[in-house]
J.: 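The structure follows.
All values derive from a computational prediction rather than experimental measurement.
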Amino acid sequence: MRRTKVAELLGATVCGAEVRAAGWVRTRRDSKGGFSFLEVNDGSCLANLQVIAPDTLPNYGDEVLHLHPGASVVVEGELAQSVGSGQAVELKARAVRVLGGSPPVEYPLGKQKVNFDRLRELPHLRPRTNSFGALARVRHVLAQEIHRFFDARGFLYVHTPVITANDCEGAGEMFRVTTLDPHSPPRLPDGTVDFGQDFFGRRASLTVSGQLEGEAYACALGDIYTFGPTFRAENSNTRRHLSEFWMVEPEMAFADLDDDAALAEAFLRHLFGAVLARCGEDLGFFDRRVQPGVVARLERLAAAPFGRLTYTEAVRLLETSGRAFEYAPSWGMDLQSEHERYLAGEVFQGPVVVTDYPEAIKAFYMRRNDDGRTVAAMDVLLPEVGEIIGGSQREERLEVLLEAMRRAGLAPEAYPHYLDLRRFGSVPHAGFGLGFERLVQFCTGMNNIRDVIPYPRAPRLC
RNA sequence: UCCGGCGUAGCGCAGUGGUAGCGCAGUUGGCUGUUAACCAAUUGGUCGCAGGUUCGAAUCCUGCCGCCGGAGCCA
């Protein structure tokens, strides 16, 4: 007999069928009425399957009565309407086969609640909890919907490299990739390490962004996106940062900042709507146990247009808010976390797109505006989570780009490919980067980003 | 990296200078179509690590390690 997943069994409308289920025991309750209740979960959905194990089973005394949380079982029997309240159907077992026992005391996940801090020390076992099962399913759906959204709009999925020789992009500290012996690397006459003898014949690192490669493909194929792991070696110790995270980076040719912002909004609203439609049971769990109100918030944001204002307007709004900020807002300074929280959390109470930042506080590749002091950049700010998207229209004018690189102190020779895109058939183009884990955080209400990725990588955590 | 808080039983916590405690889990027994099950008994400790003050330190002091929250950097 083939096994049927619990999600399918619980959705069954006809009872009486002979079925096989398999999963991990969450709890066991014994009745003196001649049977035990087993709560079995197989990860296919949040809910457990209630199994009725009668004492007439040949292994009842020896095995069933000694089943503890974490044990794995295969159960065969009749799917029946439940006598008790609390579940529609239950499985009346004719056979319970114990695949793997789970010694109590030694198994860290008992019946009692275990908090997220503790669970973080058990990355191999935490997917067996309600929270992390739900997280894995929501994360999966969001990833699938990202591909669906772009595919439906004719964007090509491009695989940009994880290992790159693009250095000093200014996006952050990079992890070095090397096969040199750290104790005695080859050295140049001046004593510095000779990376010419390294595996790639030059310095190489893990990517901090697929944007540069993405631009090249957009400037040939039109609309593309990347979705892959990204690495930052910054010593960031916050609930919003990881050393290894997943980033979505669409790039559009023949597009300006307005197109970029419109794409970002359509993208996020599609994802909010999709996760609501497909993850109702799991979102309900987050709403009850993690962050009350998270579902209502998603429903509101899936329906309403985003706020939209320029950096200059944002600063004026902050200055005249009458609010006492720890850091007084002023034109030319980057927006502080408290400013972003005020804009997204209080003024707009939802996502806000802030555009046209001062040139001095943004990256060299962002397109210079006609006012001569701002660039066509945008950030999408969410309540609670803060910046979830950073993007821009790219500078497509060769001379203007070279000038920006000089001002940023970057050597144009280090970016021959990037400059070639402006030299040969240059076109206006724009794109953005979305932090996937921050999206999952926002959709689930999870407080710490380390809890929305299966195996978090952060300083002192690997 | 900076600021603040925390580190005591498997888990969650109390204990602020004088015999190391409670709840949950576990074990045993009782009860029950149960579902955060319930009732009774019971097992379980290098008080993060190192040093110092003191007759005496979980408690006070110093250093280190780890974790959490906030800030910075960003997605």
Side-chain angles (χ1 to χ4, degrees), chain A residues 26-40 47-54 66 68-70 80-87 90 92 102-122 130 169-173 208-211 227 229-249 264 289 325-327 333-341 361-363 379-382 385-391 432-442 447-453 458-461:
Chain A
R26 286 291 177 79
T27 68
R28 187 197 83 239
R29 294 181 296 273
D30 302 321
S31 168
K32 280 295 179 298
F35 53 90
S36 291
F37 299 97
L38 301 177
E39 294 278 345
V40 177
N48 302 322
L49 175 67
Q50 177 162 286
V51 171
I52 308 299
H66 296 96
H68 292 287
Q81 282 212 304
S82 182
V83 178
S85 58
Q87 60 283 316
E90 61 192 16
K92 289 187 179 323
S102 182
V105 178
E106 292 172 42
Y107 187 62
L109 305 175
K111 291 183 188 179
Q112 81 279 19
K113 280 184 187 139
V114 181
N115 68 28
F116 291 135
D117 293 353
R118 167 71 182 144
L119 249 20
R120 217 166 286 145
E121 297 164 13
L122 305 165
N130 286 334
E169 287 178 40
E173 291 293 309
V208 293
S209 165
Q211 182 192 320
F227 183 13
T230 307
F231 307 86
R232 303 275 168 91
E234 234 91 58
N235 191 9
S236 294
N237 294 291
T238 82
R239 62 186 183 86
R240 299 184 304 280
H241 290 86
L242 289 167
S243 305
E244 177 184 280
F245 63 99
W246 285 63
M247 189 152 65
V248 183
E249 296 180 283
R289 297 295 181 82
F325 293 107
E326 193 180 340
Y327 295 91
M333 305 246 307
D334 216 341
L335 297 180
Q336 303 288 312
S337 286
E338 56 175 338
H339 302 151
E340 297 180 349
R341 262 200 307 278
I361 59 172
K362 286 294 181 182
D379 284 353
V380 180
L381 312 177
L382 291 185
V385 174
E387 183 181 342
I388 193 173
I389 283 179
F432 62 78
L434 169 131
F436 184 60
E437 282 73 22
R438 288 185 182 174
L439 174 73
V440 180
Q441 256 187 299
F442 185 76
N447 185 58
N448 194 314
I449 199 167
R450 296 173 185 196
D451 296 328
V452 300
I453 188 169
R460 294 180 303 279
L461 185 65

J.: Is there a donor and acceptor pair closer than 3.5 Å between the side chain of A:Ser236 and the base of B:rC73?
T.: yes
J.: Would you please confirm or rule out a distance under 4.0 Å between OP1 or OP2 of B:rC68 and any side-chain N or O of A:Arg120?
T.: yes
J.: It should be established whether A:Asn115 places a side-chain nitrogen or oxygen under 4.0 Å from OP1 or OP2 of nucleotide B:rG12.
T.: yes
J.: Can you check the distance between B:rA50 and B:rU59, where both ends of the measurement are the P atom (answer in whole Å)?
T.: 13 Å
J.: Looking only at side-chain N and O atoms, does A:Ser209 come under 4.0 Å of OP1 or OP2 in B:rA75?
T.: no
J.: Got a donor-acceptor pair under 3.5 Å from the side chain of A:Glu234 to the base of B:rG72?
T.: no
J.: For residues A:Gln441 and A:Arg240, report the shortest heavy-atom separation together with the two atoms involved.
T.: OE1-CA, 4.5 Å
J.: Can you see if the side chain of A:Gln336 gets near the phosphate of B:rG72 - specifically, an N or O under 4.0 Å from OP1 or OP2?
T.: yes
J.: Write down the distance between CD (A:Glu173) and C1' (B:rG72), rounded to a whole number of angstrom.
T.: 14 Å
J.: Please determine, for the side chain of A:Asn448, which listed nucleotide (B:rC73, B:rU34, B:rC68) has the closest atom?
T.: B:rC68
J.: Can you identify which nucleotide, out of B:rC11, B:rG26, B:rU32, has its nearest atom closest to the A:Arg118 side chain?
T.: B:rC11
J.: Show the numbers, then the answer: is there a side chain to side chain contact (heavy atoms under 4.5 Å, CB included) between A:Arg450 and A:Asp117?
T.: CA-CA 10 Å; A:Arg450 296 173 185 196; A:Asp117 293 353; over 6 Å; no
J.: State the pairing partner of B:rA50; accept Watson-Crick or G-U wobble contacts with both distances under 3.5 Å, and report none otherwise.
T.: B:rU62
J.: Pairing check on B:rA9: which nucleotide meets the Watson-Crick or G-U wobble criteria with it, both distances under 3.5 Å?
T.: none
J.: Measure the distance between the ring centre of A:Phe35 and the centre of the six-membered base ring of B:rG33, then answer whether it is under 5.5 Å with planes under 30°.
T.: no
J.: Please determine, for B:rU32, whether a Watson-Crick or G-U wobble partner exists with both distances under 3.5 Å, and give it or none.
T.: none
J.: Take atom P in B:rU34 and the same atom in B:rU16, then report the distance between them in whole Å.
T.: 44 Å
J.: Between A:Gly390 and A:Asn447, which is nearer to the 5' end of RNA chain B once each is assigned its nearest nucleotide?
T.: A:Asn447
J.: Can you check the A:Asp117 CG to B:rC6 P distance for me, whole Å?
T.: 15 Å
J.: Output the single nucleotide from B:rA75, B:rA71, B:rG33 whose closest atom is nearest the side chain of A:Ser31.
T.: B:rG33
J.: Could you give the CZ-to-P distance, from A:Phe436 to B:rA75, as a whole number of Å?
T.: 17 Å
J.: Classify the side chain of A:Gln87 and the base of B:rU34 as holding, or not holding, a donor-acceptor pair under 3.5 Å.
T.: yes
J.: Considering every strand shown, what is the Watson-Crick or G-U wobble mate of B:rA57 when both distances are under 3.5 Å?
T.: none
J.: Has A:Arg239 got a side-chain N or O lying under 4.0 Å from the OP1 or OP2 atom of B:rA71?
T.: no
J.: Verify side chain to side chain donor-acceptor pair (under 3.5 Å) between A:Ser209 and A:Glu249, making sure each step is shown before the conclusion.
T.: CA-CA 8 Å; A:Ser209 165; A:Glu249 296 180 283; 2.9 Å; yes
J.: Could you check which of B:rC74, B:rU34, B:rU1 has an atom nearest any side-chain atom of A:Phe37?
T.: B:rU34
J.: For A:Arg341, report the nucleic acid contact type (base, sugar-phosphate, nothing); a contact means any heavy atom under 4.0 Å.
T.: sugar-phosphate
J.: The criterion is ring pair (Phe, Tyr, Trp, His ring centres under 6.0 Å); which residues satisfy it with A:Phe325, sequence neighbours excluded?
T.: A:His339, A:Tyr342
J.: Check every strand shown and say whether A:Thr238 touches a base, only sugar-phosphate, or nothing at a heavy-atom separation below 4.0 Å.
T.: base
J.: Could you work out, with side chain to side chain contact (heavy atoms under 4.5 Å, CB included) as the rule, every residue matching A:Val440, not counting sequence neighbours?
T.: A:Leu135, A:Arg139, A:Leu142, A:Phe436, A:Thr444, A:Val452
J.: Tell me whether the side-chain N/O atoms of A:His68 come closer than 4.0 Å to OP1 or OP2 in B:rG10.
T.: no
J.: For the side chain of A:Asn237 and the base of B:rU1, is some donor closer than 3.5 Å to an acceptor across the two?
T.: yes
J.: Say you pick atom P in B:rU42 and the same atom in B:rG66; how far apart are they, in whole Å?
T.: 42 Å
J.: B:rA41 pairs with which nucleotide, Watson-Crick or G-U wobble, both distances below 3.5 Å?
T.: B:rU27
J.: Identify whether any heavy atom of A:Arg450 sits under 4.0 Å from a base atom; if not, whether one sits that close to sugar-phosphate; answer base, sugar-phosphate or nothing.
T.: sugar-phosphate
J.: Hey, is the side chain of A:Arg240 poking within less than 4.0 Å of OP1 or OP2 on B:rC73, counting only N and O atoms?
T.: no
